[in-house]
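A short worksheet on the structure shown next.
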Protein chains: 2
Amino acid sequence: MDKKLTIKDIAQLAGVSKGTVDRVLHKRGKVSQKALESINAVLEQIDYEPNLIARNLKNNKIYSICVVLPNPESDSYWLPCIKGIEQAKKEFKAFNLSINAHYFDPENTESFIAVNESVLNSSPDAVLLAPLFSKEALDAVEKYSAQNILVNTFNNQLESDEIRNFVGQDLYRSGRVAAKLIDSIAQKGQIAIIHFDEKFKNAVHMQEKEKGFRNYFLQEENSDYEVTTLKLKRKNYETKLEDFLKENPKLTGIFITTSKAYQIAEIIDKTKNNTIALIGYDLLDKNISFLNQGTIDFLINQNPKQQVYLGLSFLVDHFIFGKEINHSALLPIDIVNSENASYYME
Amino acid sequence: MDKKLTIKDIAQLAGVSKGTVDRVLHKRGKVSQKALESINAVLEQIDYEPNLIARNLKNNKIYSICVVLPNPESDSYWLPCIKGIEQAKKEFKAFNLSINAHYFDPENTESFIAVNESVLNSSPDAVLLAPLFSKEALDAVEKYSAQNILVNTFNNQLESDEIRNFVGQDLYRSGRVAAKLIDSIAQKGQIAIIHFDEKFKNAVHMQEKEKGFRNYFLQEENSDYEVTTLKLKRKNYETKLEDFLKENPKLTGIFITTSKAYQIAEIIDKTKNNTIALIGYDLLDKNISFLNQGTIDFLINQNPKQQVYLGLSFLVDHFIFGKEINHSALLPIDIVNSENASYYME
DNA sequence: AAATTTAGTGTGTTCGAGCACATTTTTATG
DNA sequence: CATAAAAATGTGCTCGAACACACTAAATTT
């Protein structure tokens, strides 16, 4: 009664052979009206689900997937991605998969182009790409698609019809989450948004977060916060920030839009000013350390590990189990304090 | 080069037949020393991974799994579990699985016993159990084990050697998370822990949370909070709470250890006292509504949906892919405010 | 030495889907 | 009506692991 029905069963019920059923299921034609009708009648009554295990047994191709991402040595934000890849490898070991990571220098567009070129030459079945450089990424995506290589992206959104999937976060929304947190913990007064990054390519990221952050306070009716934006680069950031703090003694909160909150925290720490609320991104060791010590109040987890893992498992689902790929998977925006941090760090 | 090696390949390399390789791999004996050695030599050189797909094709048994949990109509905390079951059913549709939910009345021990009895009689392959009533649950687990039925638990921890797995949260830790949140947002002063639940069986839950909560403040050196515990039951809780609020005008924060935060919020709302920080559990609609409106500051997500889903996917991994079951999976303790809530609610 | 047991080995079938190919049936054409 | 062409249908093999069973060769018993 509970038994799963097979093609053979359907054939028997419809009074035809399994070949004919197969042709109907795959719309390969060459089926008489009569046979079609009797098979469809059976199919309507039962809920046929092809046995994916059997389907895949035959198809014993090794799928090769390349993950293209920045070198974690250049930016430790990407470090958890390695774990994500390892986890996927382990999890899907039993299937015919070959997953390889390819790193590019996040400071160097040429390197991004070169790595994509070399990946292209290795003709993988799919590429999971962190499209840091929009223009060059679009180029790469086009080339991959031309070679019928499936492209999925993670971390950075990229508008392209060629992209089958995106795994990441709603940055605007994460800005709003940060704003709500500031609203919860900071005294009324002045709030600073700090963009601390060399890299122009992160501009979109930072802008979206700022937009969400500001928008939250615009919607609040009688918000007593004044929001200022400050852009810092590696050069002279210490003195610049110190000056800013002196000029704005009423500062009650800072929202750092990148993973460099620890660098801000170091300076705040020196000034012994414990009344400033600090919100940043990403669970880097240095950030966690300031979180535990209390200088940073909350971190927002962008979950790079999960992004890669999910991106890969979508590809596996597609190749191995023939599932459709959703166009977009937005990960939760995890609020992290010193007490729940460990759960988000592997 | 990259090709996965099969039993046939190993047989060829070792100069024997696939049957002999099979006997070695499964330690079925009846193999000569000579053959054993040559096969082991090959196995040492290569990294053989049996093709789980092929293995499962043969083994076309329908695995039946029963989920035993409280009726969501009696306590809407359990409502998301249905979604978790549905998701698992959908996700694993292609495998020979039969997943069925069985509800018991969370107020009624007899009902728990009866449901487990009936599940036992249906002889499933595995049971995923919410062991609300410890003593009766241990009884049930023993009976299941005696019939060789695999038992996994979720939501409530239960000490038993018979249990292969637990999916849930570290309640002590979640109490600490709540304390840290209170510490972040509430003014110094008096804090109340409110246990609001009829059900004695939740006592352990609530106690663990209280322990974690209090422990956080004990560890803090110069904590200026005074923590009081208040137990409320459905009967007269309004007047009781109102009296408590009058008696403690310096109250700055409340930690509700159950999912009934909305009932506290209703009363706080009436008193127009916006300075009291409120932290509760679980994303019930009513809680979310107070979260959006600002009366509740944070909710901690116990993620019942994910608990069931994970519990089921462990069983599937075990039955279908022969994976070992980890003994315990502690889910992250998600901090939820009005801005990131949607990501945790389906 | 023949008969029988037993250890060791190999062969063949199964699972369900998919597809190539063979076979049968129908339709079209001289 | 015969024959060719086209359409429809069925058969049989593959994938890899698992296991039943058949078989051979060596060891033991009669």
Side-chain angles (χ1 to χ4, degrees), chain A residues 2-40 42-43 46-63 92-97 319-323, chain B residues 2-40 42-43 46-63 92-97 319-323:
Chain A
D2 223 11
K3 184 80 179 66
K4 275 243 169 153
L5 290 167
T6 71
I7 285 189
K8 221 164 143 187
D9 297 322
I10 298 171
Q12 207 159 25
L13 287 168
V16 294
S17 76
K18 69 196 183 89
T20 307
V21 176
D22 180 71
R23 274 181 287 269
V24 170
L25 287 173
H26 293 84
K27 300 196 173 77
R28 283 198 243 275
K30 303 203 174 186
V31 174
S32 69
Q33 195 64 27
K34 198 180 121 203
L36 184 75
E37 275 164 20
S38 66
I39 291 170
N40 275 335
V42 174
L43 287 177
I46 64 144
D47 174 36
Y48 174 68
E49 275 295 328
N51 184 328
L52 297 183
I53 288 178
R55 173 182 289 172
N56 270 286
L57 180 58
K58 188 67 198 297
N59 188 17
N60 63 337
K61 168 173 168 39
I62 293 185
Y63 292 97
F92 307 128
K93 196 165 52 173
F95 307 113
N96 288 326
L97 289 176
F319 285 130
I320 306 291
F321 297 114
K323 290 197 186 156
Chain B
D2 224 11
K3 184 79 179 70
K4 277 241 167 151
L5 291 165
T6 71
I7 285 189
K8 220 167 145 187
D9 298 321
I10 297 171
Q12 206 160 23
L13 286 168
V16 294
S17 76
K18 67 196 180 93
T20 307
V21 176
D22 180 71
R23 275 182 286 270
V24 171
L25 287 173
H26 292 84
K27 300 197 173 76
R28 281 197 245 275
K30 305 205 170 182
V31 174
S32 69
Q33 195 64 27
K34 199 179 118 203
L36 183 74
E37 275 164 19
S38 65
I39 291 170
N40 276 335
V42 174
L43 286 177
I46 63 145
D47 174 36
Y48 174 68
E49 276 292 331
N51 184 327
L52 298 183
I53 288 179
R55 172 180 291 173
N56 269 286
L57 180 58
K58 188 66 200 295
N59 188 19
N60 61 339
K61 168 173 167 38
I62 292 184
Y63 292 97
F92 307 128
K93 196 164 51 171
F95 307 115
N96 288 326
L97 290 176
F319 285 130
I320 306 290
F321 298 114
K323 291 198 184 154

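By convention in this document, chain letters (A, B, ...) are assigned in the order of the sequence lines, proteins followed by strands, and residues within each chain are numbered from 1.
- A donor-acceptor distance shorter than 3.5 angstrom exists from the side chain of A/N56 to the backbone of A/L52, with no hydrogens or angles considered.
- DNA chain C is contacted by both B/Q33 and B/G19; B/Q33 maps to the nucleotide lying nearer its 5′ end (nearest heavy atom per residue).
- Going from atom CD1 of A/I53 over to atom C1' of C/dT14 covers 15 Å, rounded to whole Å.
- Look at CD1 on B/I62: it is 14 Å from C1' on C/dG16, rounded to the nearest Å.
- For B/R23, no side-chain nitrogen or oxygen approaches OP1 or OP2 of C/dG8 to under 4.0 Å.
- With C/dA17, D/dC19, C/dG10 as the choices, the nucleotide that has an atom nearest any side-chain atom of A/T6 turns out to be C/dA17.
- Distances were taken from every side-chain heavy atom of A/V16 (C-beta onward) to each of D/dG10, D/dA8, D/dT14; the shortest belongs to D/dG10.
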> Do A/K4 and A/D9 pass the salt bridge (charged side-chain N to carboxylate O under 4.0 Å, His left out) test, and can you show the C-alpha distance, the side-chain angles, and the key distance before you say yes or no?
Replying inline: CA-CA 9 Å; A/K4 275 243 169 153; A/D9 297 322; over 6 Å; no
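- In this structure, A/K8 places its NZ atom 8 Å from P of C/dT14, rounding to the nearest Å.
- Both A/K18 and A/A54 lie near DNA chain D, and the one whose nearest nucleotide falls closer to the 5' end is A/K18.
- The residue A/D22 sits close to a base: some heavy atom pair falls under 4.0 Å.
- Looking at every heavy atom in both residues, B/A54 comes nearest to A/L57 through CB-CD1, 3.4 Å.
- One finds a side-chain N or O of B/S32 lying less than 4.0 angstrom from the OP1 or OP2 phosphate oxygen of C/dT9.
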>> Using the rule given for side-chain contact (heavy atoms from CB on, under 4.5 Å), can you reason through B/I7 versus B/Y48, listing the C-alpha separation, both sets of side-chain angles and the distance that settles it, and then say yes or no?
In response: CA-CA 9 Å; B/I7 285 189; B/Y48 174 68; 3.3 Å; yes
>> With side-chain contact (heavy atoms from CB on, under 4.5 Å) as the criterion, how do A/L97 and A/I62 come out once you've worked through the C-alpha distance, each side chain's angles and the decisive distance to 0.1 Å?
In response: CA-CA 5 Å; A/L97 289 176; A/I62 293 185; over 6 Å; no
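- Atom CG of A/L57 is separated from atom P of C/dG16 by 12 Å (rounded to the nearest Å).
- When each of A/I10, A/I39, A/V42 is checked for a side-chain contact (heavy atoms from CB on, under 4.5 Å) with A/V16, only A/I39 meets the rule.
- When each of C/dG10, C/dC15, D/dA18 is scored by its nearest atom to the side-chain atoms of B/R55, the top-ranked nucleotide is D/dA18.
- Regarding contacts with the backbone of C/dC19, every side-chain N or O of A/H26 stays at 4.0 angstrom or more from both OP1 and OP2.
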> Under the side-chain contact (heavy atoms from CB on, under 4.5 Å) criterion, do B/L43 and B/L25 qualify, and how do the steps go?
Replying inline: CA-CA 9 Å; B/L43 286 177; B/L25 287 173; 4.0 Å; yes
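- Distance NZ (A/K58) to C1' (C/dT14): 16 Å, rounded to an integer number of Å.
- Rounded to 10 degrees, the angle between the two end axes of the helix from C/dA1-D/dT30 to C/dG30-D/dC1 is 70°, with five pairs used at each end.
- Between A/K30 atom NZ and D/dG10 atom C1' the separation is 14 Å, expressed in whole Å.
- Across the protein-nucleic acid pair, A/N56 atom CG and D/dT14 atom C1' stand 14 Å apart, rounded to whole Å.
- Under 4.0 angstrom from either OP1 or OP2 of C/dA17 there lies at least one side-chain N or O belonging to A/Y48.
- The distance between atom CG of B/L5 and atom P of D/dC15, rounded to the nearest whole Å, is 15 Å.
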> What's the verdict on side-chain contact (heavy atoms from CB on, under 4.5 Å) for A/D22 and A/R28, showing C-alpha distance, side-chain angles and the deciding distance?
Replying inline: CA-CA 8 Å; A/D22 180 71; A/R28 283 198 243 275; 3.1 Å; yes
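- With DNA chain C read from its 5' end, the first of the two nearest nucleotides for A/E49 and B/G29 is the one closest to B/G29.
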